[in-house]
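Have a look at the structure below before the remarks.
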Amino acid sequence: MSDRPRESSATYALLHTGYVGGTVASTVGFVRDGDRLVVTDPGMVRDRSLILDPLRALGVEPGDVTDVVFSHHHPDHTLNAALFPAARFHDHWAIYQGDVWEDRDADGYELSPSVRLIRTPGHTPEDITTLVGTPEGLVAFTHLWNTAASVGDNYATDLDALHTGRARLLALADVVVPGHGPAFHPTAATPR
């Protein structure tokens, strides 16, 4: 099975560009593919309006969001999940909604024809990446990089797996949305 989503009809936006240093905030993404409205990593931000205002500017109310994907379970990527009361929540091994816990492996799981999850451990053993097929190319929402310049990861649980995951994504992605920084186009200089 290919990592690539079957279709390329989705659109994406960054609701919030994250940062790490004296303070920390996650990069929060939004993906629209047909009736699927997906938020990625709704974690720590200075104020919740920094997530909700850009979402509303896209014509989407919090209750309209169908799915939320956690790249991993650190609070800086999950803290604001409750903003989306109707969503299904996805992580590395299950889908959660209301009081239903549905076991499934994330690797290869399709949220829609243009949105696929894959396992990319390294930062944590449970990390996943959201791959989004768009008309402009493949976008990867991932924590394999904190920012475009991240050579390693001081908090990684497995640096070998992190570097293997980076190679996997760099063979596919036209745009990388890292855990704590702006989206970037990978080049030969992108840290492997």
Side-chain angles (χ1 to χ4, degrees), residues 1-15 26-43 55 60 62 64-145 156-158 161-162 164-179 183:
M1 171 178 58
S2 170
D3 286 337
R4 290 187 175 279
R6 290 182 292 123
E7 296 183 12
S8 298
S9 60
T11 60
Y12 78 99
L14 296 188
L15 301 178
S26 64
T27 297
V28 183
F30 174 73
V31 176
R32 183 188 309 257
D33 189 30
D35 61 355
R36 286 280 173 222
L37 305 175
V38 182
V39 170
T40 62
D41 282 349
L55 186 67
V60 178
D64 299 337
V65 172
T66 60
D67 298 88
V68 171
V69 179
F70 303 130
S71 63
H72 61 293
H73 280 284
H74 289 166
D76 56 324
H77 294 269
T78 62
L79 195 61
N80 285 299
L83 294 175
F84 309 103
R88 299 181 315 158
F89 296 89
H90 301 265
D91 69 3
H92 67 104
W93 67 351
I95 302 168
Y96 316 90
Q97 188 170 29
D99 63 352
V100 177
W101 177 319
E102 177 187 340
D103 290 328
R104 65 97 185 91
D105 188 353
D107 203 46
Y109 182 79
E110 287 188 346
L111 272 74
S112 73
S114 296
V115 181
R116 174 172 288 180
L117 306 178
I118 63 170
R119 283 184 171 273
T120 51
H123 182 66
T124 72
E126 297 84 21
D127 268 55
I128 61 174
T129 292
T130 304
L131 297 175
V132 180
T134 74
E136 295 78 31
L138 187 71
V139 180
F141 291 85
T142 188
H143 204 290
L144 288 169
W145 291 265
T157 60
D158 186 336
L162 182 99
T164 298
R166 285 180 175 186
R168 182 180 181 188
L169 282 190
L170 290 173
L172 297 168
D174 298 295
V175 175
V176 173
V177 180

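We count residues from 1, following the sequence as given.
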Is there a side chain to side chain contact (heavy atoms under 4.5 Å, CB included) between Val31 and Arg36 once you walk through the steps?
CA-CA 8 Å; Val31 176; Arg36 286 280 173 222; over 6 Å; no
Please walk me through it: do Thr120 and Thr142 pass side chain to side chain contact (heavy atoms under 4.5 Å, CB included)?
CA-CA 8 Å; Thr120 51; Thr142 188; 4.2 Å; yes
Go through the steps to decide whether His92 and His72 satisfy the test side chain to side chain contact (heavy atoms under 4.5 Å, CB included), and finish with yes or no.
CA-CA 8 Å; His92 67 104; His72 61 293; over 6 Å; no
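Using a 4.5 Å heavy-atom cutoff, the side chains of Val68 and Pro42 are in contact. Residues Trp145 and Val176 have side chains in contact (heavy-atom distance under 4.5 Å, counting atoms from C-beta outward). When side chains are defined from C-beta on, Tyr12 does not count as touching Thr40, because their heavy atoms never get closer than 4.5 Å. Looking only at side-chain heavy atoms (C-beta outward), Arg168 and Leu144 stay at 4.5 Å or farther from each other.
Taking NE2 from His90 and CG from Leu117, the interatomic distance works out to 7.0 Å, rounded to the nearest 0.5 Å. In this structure, OG1 on Thr11 lies 6.5 Å from CZ on Phe30, to the nearest 0.5 angstrom. Atom CZ of residue Arg166 and atom OG1 of residue Thr129 lie 11.5 Å apart, to the nearest 0.5 angstrom. The distance from the CG atom of Asp127 to the CG atom of Leu162 is 8.5 Å, given to the nearest 0.5 Å. Interatomic distance, OH of Tyr109 versus CD1 of Ile128, reported as 11.0 Å (0.5 Å rounding). The CG atom of Asp158 lies 8.0 Å from the OG1 atom of Thr164; values are rounded to the nearest 0.5 Å.
Within the 3.5 Å criterion, the main-chain N or O of Ile95 finds no donor-acceptor partner in the side chain of Arg104. In terms of modelled atom types and a separation under 3.5 Å, the side chain of Ser26 and the main chain of Asp76 share a donor-acceptor contact. Asp41 contributes a side-chain N or O that, together with a main-chain N or O of Ser71, makes up a donor-acceptor pair within less than 3.5 Å. Under a 3.5 Å cut-off, the side chain of Asp33 and the backbone N or O of Ser114 do form a donor-acceptor pair.
Taking the six-membered ring where the residue is Trp, Phe89 and Phe70 present parallel rings, their angle staying beneath 30° rather than reaching 60°.
A search for salt bridge (charged side-chain N to carboxylate O under 4.0 Å, His left out) contacts involving Asp105 returns Arg119, not counting sequence neighbours. In terms of the salt bridge (charged side-chain N to carboxylate O under 4.0 Å, His left out) criterion, Glu7 has no residue partners (sequence neighbours excluded). The side chain to side chain donor-acceptor pair (under 3.5 Å) test applied to Thr78 returns no partner, not counting sequence neighbours. Evaluation of the side-chain contact (heavy atoms from CB on, under 4.5 Å) rule for Ala94 yields Asp91, Tyr96, Trp101, Asp103 as partners, not counting sequence neighbours.
Residue pairs satisfying the side-chain hydrogen bond (donor to acceptor under 3.5 Å, both in side chains) criterion with at least one member in residues 80-89, sequence neighbours excluded, are listed as follows: Arg48-Asn80, Asp67-Arg88.
His74 and His143 have their aromatic ring centers separated by at least 6.0 angstrom.
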Residues 130-140, side-chain donor-acceptor partners within the protein, below 3.5 Å, at least two apart:
residue	atom	partner	partner atom	Å
Thr134	OG1	Glu136	N	3.2
Thr134	OG1	Gly137	N	3.1
Thr134	OG1	Gly137	O	2.7

